[in-house]
Amino acid sequence: MARSPILLFAIAGVVLLLVRNLSTRIYYARLARRHGCKPAKPLPQGERILGFSLFKEQMKAAKEARLLPLMVQRHRDHGNTFKGAIMGREFITTIEPENIKAILSTNFKDYKLGREDALGPLLGKGIFTSDGARWEHSRALLRPSFTRDQISDLDLLETHVLHLLALIPTDGTTVDLQPLFFRLTMDSATQFLFGESVCSLLDTEHKAGNAFATQFNFAQSEVVKRYRLGPMRRFYRNKQFDEACDFIRAFVGGFVDKALAYNATFKSIQDVEQNSSRGEKERYVFLQELAKQTNDKETLTDEILSILMAGRDTTACLLSNTFHALARHPEVWRKLKAEVALLEGRRPGYEELRQMKYLKYIMNESLRLYPVVAGNSRVAVRPTVLPVGGGPDGRSPILVHQNQPVSFFSYALHRRTDLFGPDAEEFKPERWETLRPGWTCTPFSGGPRVCLGQQFALTEAGYTIVRIVQMVGGRLESRDEHAWAEKMGLATCSFYGVKVGFVEE
Ligand code: HEM
Ligand SMILES: *[C@@H]1O[C@H](CO)[C@@H](O)[C@H](O)[C@H]1NC(C)=O
Ligand SMILES: *[C@@H]1O[C@H](CO)[C@@H](O)[C@H](O)[C@H]1NC(C)=O
Ligand SMILES: *[C@@H]1O[C@H](CO)[C@@H](O)[C@H](O)[C@H]1NC(C)=O
Ligand SMILES: CC(=O)N[C@H]1CO[C@H](CO)[C@@H](O)[C@@H]1O
């Protein structure tokens with residue numbers, strides 16, 4: 001008798017769960033009917049509760065640097081949209097431009113990023129980890145600092161490009177450009193953000209700067225690990241990661257203090273302007289601009305780290321992937337040299353760079369074939385609908401449940417032969433003479449969260465490419481017989497690096 005209340009509670013609990021389950025199901029079924037939704041095609045999976053075999057298959061492919069080809073193949077075998085189960089959750093994956101437009105733009109408010117858990121320990125609450133009102137606030141804070149004249153300071157960039165060029169042999173010796181590009185973008189990003197570069201390309205002299213680059217690289221790779229683990233990450237601890245985060249945040253904090261002190265030495269903005277018009281042209285320092293808007297140290301540190309994360313590797317990856325392709329396409333390299341020759345040896349200005357059509361085609365084609373953000377995902381914050389992908393023909397809308405993840409691989413989308421032609425897998429900059437892609441190719445994303453640094457990145461990459469052509473020139477030879485394979489972090493570059501030689505003609 002004493003046990004019966006417990007039994008009663010247990011039974012009541014189970015019944016309650018079943019009723020809740022049933023009412024949720026009825027709710028979703030109604031919603032589906034209202035919108036004419038049909039289910040997406042399921043991936044063939046032996047077991048769909050845990051989805052452990054799928055997780056294992058993907059981990060194995062990632063380890064062997066072929067997760068991206070695996071995604072291309074899956075879409076070829078199972079269509080442009082399918083669903084599957086992984087780690088106990090059902091997800092949807094799509095490469096339909098209409099769906100991507102719905103996720104990023106039309107139904108933007110129905111989704112969140114769902115990456116704060118993984119990235120939070122390093123990045124805090126900056127733009128790159130925030131959603132909703134907090135994201136809107138970050139975006140409004142950062143946006144004004146990305147205007148034209150602030151990102152077009154090519155003199156500052158030139159300093160670092162010269163450091164890079166000093167490390168590129170012109171006598172045909174093999175050099176791996178990829179690690180050099182990562183050092184270049186670390187140097188230029190810290191210059192732009194802090195007003196002081198860590199000068200990692202100068203190596204031995206700047207020990208503190210190099211420690212920062214090393215710790216940042218390490219923390220970033222850990223963050224990617226945490227991201228991949230999904231909900232399992234709560235069981236993953238790494239003391240070295242905690243220490244790296246502390247180091248990085250303290251390092252950036254030092255610059256934040258400086259910017260705040262600088263701000264405090266002036267009574268007003270007019271003061272700064274008066275002072276600077278007397279002296280030489282004031283260098284633009286991103287952090288100082290932000291410090292005019294807020295004096296909260298935590299906020300400033302978070303935002304700066306978000307931008308470093310968003311802007312540094314991505315630009316290095318674009319440069320690496322581009323040179324990987326250039327080294328294998330001598331005719332493209334020749335045409336690029338001809339366009340650069342029109343400058344007659346002068347350094348290009350911001351506007352001149354924008355006018356260089358063939359250079360633009362090359363960078364566009366690089367971002368199409370090797371999109372730096374190769375895959376991305378969102379999580380639905382409420383039940384919502386994707387316009388296509390359901391039913392046997394894949395043309396009906398699909399219902400997305402609350403908390404369901406939706407992922408999309410631009411890498412696979414950009415290789416769709418029905419959209420880009422039978423030569424979709426080939427590197428052909430000329431296709432951009434006529435290509436107007438819309439939502440079929442959005443390497444900088446789209447909608448309200450479109451990349452803030454697009455112009456900055458294209459300016460930096462374009463300028464670096466032109467300067468290499470001008471200063472090194474010659475014939476560009478590949479010194480590596482491998483085809484491109486992925487090296488995937490938050491951004492994607494080349495697994496085998498970019499080993500090339502510049503040979504005099
Ligand atoms: C080739 C270089 C780059 C590529 C391909 C790229 C691509 C992207 C993509 C796809 C997103 C959307 C991510 C998402 O919402 O999940 C993004 C966001 C962002 N990017 Fe870039 N990016 C590049 C360079 C840069 C640079 C140089 C900066 C800054 C200096 C930058 C700053 C940002 C910021 C702040 C966001 C977040 C915007 C927001 O959430 O509102 N990016 N970028
Ligand atoms: C309801 O329960 C069934 C199996 O008992 C399960 O497959 C389904 O996912 C549950 N639905 C919801 C909405 O919880
Ligand atoms: C104001 O300008 C002068 C000379 O141009 C410079 O020496 C001084 O350091 C500046 N003041 C501040 C606070 O930056
Ligand atoms: C480069 O690609 C973007 C889309 O990613 C497109 O809007 C733009 O027109 C392209 N530019 C050139 C010069 O082809
Ligand atoms: C001169 C200057 O930029 N002063 C700014 C310092 O920061 C506060 C807010 O934190 C601004 O209100 C000032 O304009």
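Just so you know, residue 1 is the first one in the sequence shown, and it goes up from there. Ligands are counted one by one from 1 in listed order, and the atoms in each one are counted from 1 as well. The model shown is predicted, which means the values in this text are computed figures rather than measured ones.
Near Thr315, with a cut-off below 4.0 Å to any heavy atom, the atoms of ligand 1 are 2 (C), 27 (C). The distance from ligand 1 to the heavy atoms of Phe146 drops below 4.0 Å at these ligand atoms: 29 (C), 30 (C). Taking every non-hydrogen atom of Leu318 and a distance limit under 4.0 Å, the qualifying atoms of ligand 1 come out as 1 (C). Per-residue contacts place Ile127 under 4.0 angstrom from the following atoms of ligand 1 (heavy atoms of the residue considered): 35 (C), 38 (C), 39 (C), 40 (O), 41 (O).
Of the protein's heavy atoms, Arg139 NH1, 3.4 Å lies nearest to atom 38 (C) of ligand 1. Atom 37 (C) of ligand 1 has as its closest protein heavy atom Phe128 CD1, 4.1 Å. Among all protein heavy atoms, the one lying closest to atom 10 (C) of ligand 1 is Pro443 O, 3.5 Å. Atom 15 (O) of ligand 1 has its closest protein heavy atom at Arg378 NH2, 2.8 Å. Arg449 NE, 2.8 Å is the protein heavy atom nearest to atom 40 (O) of ligand 1. Nearest protein heavy-atom contact of atom 16 (O) of ligand 1 is Asn376 ND2, 2.7 Å.
Of the charged side-chain nitrogens involved, none lies within less than 4.0 Å of a carboxylate oxygen, so that Glu98 and Lys101 do not count as a salt-bridged pair. Of the charged side-chain nitrogens involved, at least one lies within less than 4.0 Å of a carboxylate oxygen, so that Glu96 and Arg416 count as a salt-bridged pair. The pair Glu158-Arg467 meets the salt-bridge criterion, since a charged nitrogen lies less than 4.0 angstrom from a carboxylate oxygen. Ion pairing between Glu289 and Lys292 holds under the 4.0 Å rule for side-chain N and carboxylate O. Between Asp117 and Arg226 there is no salt bridge, since no side-chain nitrogen of the basic residue lies less than 4.0 Å from a carboxylate oxygen of the acidic one. Ion pairing of Glu430 with Lys357 is absent here, as no side-chain N (NZ or NE/NH1/NH2) approaches a carboxylate O to less than 4.0 Å. Glu116 has a carboxylate O that lies under 4.0 Å from a charged side-chain N of Arg134, or vice versa, which qualifies the two as a salt bridge. In this structure, Arg249 pairs ionically with Asp302, as a charged nitrogen and a carboxylate oxygen lie closer than 4.0 Å. Salt-bridge formation is detected for the pair Glu222/Lys225: a Lys NZ or Arg NE/NH1/NH2 atom is positioned less than 4.0 Å from an Asp or Glu carboxylate oxygen.
Only the side chain of Arg115 comes within 4.0 Å of ligand 1, counting heavy atoms alone; its backbone N, CA, C and O stay farther away. By the criterion of a heavy-atom distance under 4.0 Å, the side chain of Trp135, and not its backbone, is placed next to ligand 1.
Of all protein N, O or S atoms, those under 2.8 Å from atom 21 (Fe) of ligand 1 number 1.
Looking at Arg312 and Asn217, their side chains do bring a donor and an acceptor atom within 3.5 Å of each other. No side-chain donor from either of Ser377 and Ser407 sits under 3.5 Å from a side-chain acceptor of the other.
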Residues 442-451 side chain polar contacts: donor-acceptor under 3.5 Å, at least two apart:
residue, atom, partner, partner atom, Å
Arg449, NH1, Ser130, O, 2.8
Arg449, NH1, Asp131, OD1, 3.3
Arg449, NH2, Ile127, O, 2.7
Arg449, NH2, Ser130, O, 3.0

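Checking each of Thr190, Thr185, Asp187 against Ser200 for a side chain to side chain donor-acceptor pair (under 3.5 Å) leaves exactly one that passes, namely Asp187.
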Can you list every pair where an N/O of ligand 4 is under 3.5 Å from an N/O on the protein?
residue, atom, partner, partner atom, Å
ligand 4, 2 (O), Asn364, OD1, 3.1
ligand 4, 2 (O), Asn364, ND2, 2.3
ligand 4, 11 (N), Asn364, ND2, 2.9
ligand 4, 14 (O), Asn364, ND2, 3.2

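By the ring pair (Phe, Tyr, Trp, His ring centres under 6.0 Å) test, Phe128 is found to be paired with no residue, residues two or more places apart in sequence or in another chain being considered.
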- Item | side-chain hydrogen bond (donor to acceptor under 3.5 Å, both in side chains) assessment of Tyr227 paired with Arg233 | CA-CA 8 Å; Tyr227 190 64; Arg233 80 177 64 92; over 6 Å; no
